[in-house]
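Everything numeric here is computed off the predicted structure, so don't read it as measured data. Every chain is numbered from 1 and lettered A, B, ... according to where its sequence line falls, protein lines coming before strand lines.
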Protein chains: 2
Amino acid sequence: MTETAVRRGRPGYDQAGILEVAVAAFNEFGYDATSMGVLAARLGLSKSAIYHHVASKDELLELALGQALDGLEGVLLEEAASTGDAAERLAHVLRGAVRVLTDKLPYVTLLLRVRGNTEVERRALARRRAFDRAVAALVVEARDEGSLRADVDPGVATRLLFGMINSIVEWYRPGGAEGADQLAEDVLTVAFDGLRV
Amino acid sequence: MTETAVRRGRPGYDQAGILEVAVAAFNEFGYDATSMGVLAARLGLSKSAIYHHVASKDELLELALGQALDGLEGVLLEEAASTGDAAERLAHVLRGAVRVLTDKLPYVTLLLRVRGNTEVERRALARRRAFDRAVAALVVEARDEGSLRADVDPGVATRLLFGMINSIVEWYRPGGAEGADQLAEDVLTVAFDGLRV
DNA sequence: GTCTATATTGAGATAGAC
DNA sequence: GTCTATCTCAATATAGAC
């Protein structure tokens, strides 16, 4: 209670608290369209108070993108990502990606909208592409072992898979009718078996 | 050659020419991040020259979104969109959506990134949602007639379908390895039959 | 940790000549 | 149809007090 921070209530933000509000605003209006002014208003602070916690608007973005990318890369490091045949490993990674999307929804949402305008954005895109490439390699492996159909190009298949998964950030909201686990199962069902009866 | 416009070459833009360049820039940097200044530079014009063709930056966006939405809504008006059983109609609309995406790629790309910050954007989102709802109704119908599996919620299924299709704007480029028709077939294959052999 | 200024830059848009 | 100014406003960021 003397020097050590006992964090409660609202005013008296720490960096994580600033970041959470900022990311929500970035997702609502878009990063560029969100001024430090409206951010300050949402925080109930003055603009300059934000600069006590972060050096720039850019740094807010960098911190947020790091959250998302750490989560995704973490999936590839899990044991099940390198255990079993390629189809099993692919299923694990897809399930893991859905889990990270739903767990860190705002951060991943922001990541998926980054265009590469700044150095920070370009570094994030590079990390994201590396993740995508790892999954693409799994798809090729799964096809080569005979688990996946050969009449759809693996590159196209990977992109359609990511299209399905990444689009989740556009509509999934925690506490909705569909839970995150059920959603991951649905994604795998459609991806592997399709919608036809 | 006297009063009538004989349009050739580059300088001496008409509205469509301005729009084409503008949309390319909007897609590259994002709408908000694209200033009228960089737009003018790309056109090889002064900023004020742009205002001879359009009233505002907002109007450029409105014209572009109209192109995309007209195309998508047109698919629903085609005869095959109301002929046959629900699964056949659904297949036609999905194929049509892919065709519009690839034909009007830059315009649809822009549409899919709109957040709803301005009146123009909100009107576009409303039209887009109406299109989505029409497809969702087809999915429900196809499930009810027994063509689609009942163990995936139709709302989720529709969103995953759109996720797959809409993501095409992120990577499809005309003249690439995969043609637009083959791509539409791949989408239908994954959507209906899945990737598993 | 937050405030009230304020510096500075670049945005969207207009006026009026050619 | 395009130009060279120029207006006006809002943006990011800083200075320095409390």
Write down the distance between [atom1] ([X]) and [atom2] ([N]), rounded to a whole number of angstrom.
X     : N      : atom1 : atom2 : value
B:L45 : C:dC18 : CG    : P     : 20 Å
B:L39 : C:dG12 : CG    : P     : 9 Å
A:Y31 : D:dA11 : OH    : P     : 14 Å
A:K57 : D:dT14 : NZ    : P     : 15 Å
B:E59 : C:dG12 : CD    : P     : 15 Å
A:I50 : C:dC3  : CD1   : C1'   : 13 Å
A:M36 : D:dC9  : CE    : P     : 23 Å

B:D58, CG atom: more than 12 neighbouring heavy atoms under 6.0 Å =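 For B:D58, atom CG is crowded (more than 12 foreign heavy atoms under 6.0 Å).
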I want to verify a distance call: between [options], whose nearest atom is closest to the [X] side chain?
X     : options              : answer
A:S46 : C:dC3, D:dC3, D:dA13 : C:dC3
A:A49 : D:dA11, C:dC3, D:dC3 : C:dC3
B:Y51 : C:dC3, D:dT4, C:dT14 : C:dT14
B:H52 : D:dG1, C:dT4, D:dT12 : D:dG1

Checking side-chain contact (heavy atoms from CB on, under 4.5 Å) for the pair B:H52/B:Y13: CA distance, chi angles, key distance, verdict?
-> CA-CA 10 Å; B:H52 179 78; B:Y13 282 101; over 6 Å; no
Ignoring hydrogens and angles, tell me if any N or O in the side chain of [X] forms a donor-acceptor pair with the backbone of [Y] under 3.5 Å.
X      : Y      : value
A:R95  : A:E185 : no
B:R149 : A:L195 : no
B:R122 : B:N117 : yes

Using the closest heavy atom to pick a nucleotide of DNA chain C for each, name whichever of A:H53 or A:K47 lands nearer the 5' end.
->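 Mapping each residue to its closest nucleotide by heavy atoms, the 5'-most match is A:H53.
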OP1 or OP2 of C:dA11 less than 4.0 angstrom from a side-chain nitrogen or oxygen of B:S35, does that happen here?
->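 Answer yes for this pair, as a side-chain N or O of B:S35 is under 4.0 Å from OP1 or OP2.
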Between the base of D:dT4 and the side chain of B:S48, is there a donor-acceptor distance below 3.5 Å?
->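 Yes, a donor-acceptor pair under 3.5 Å.
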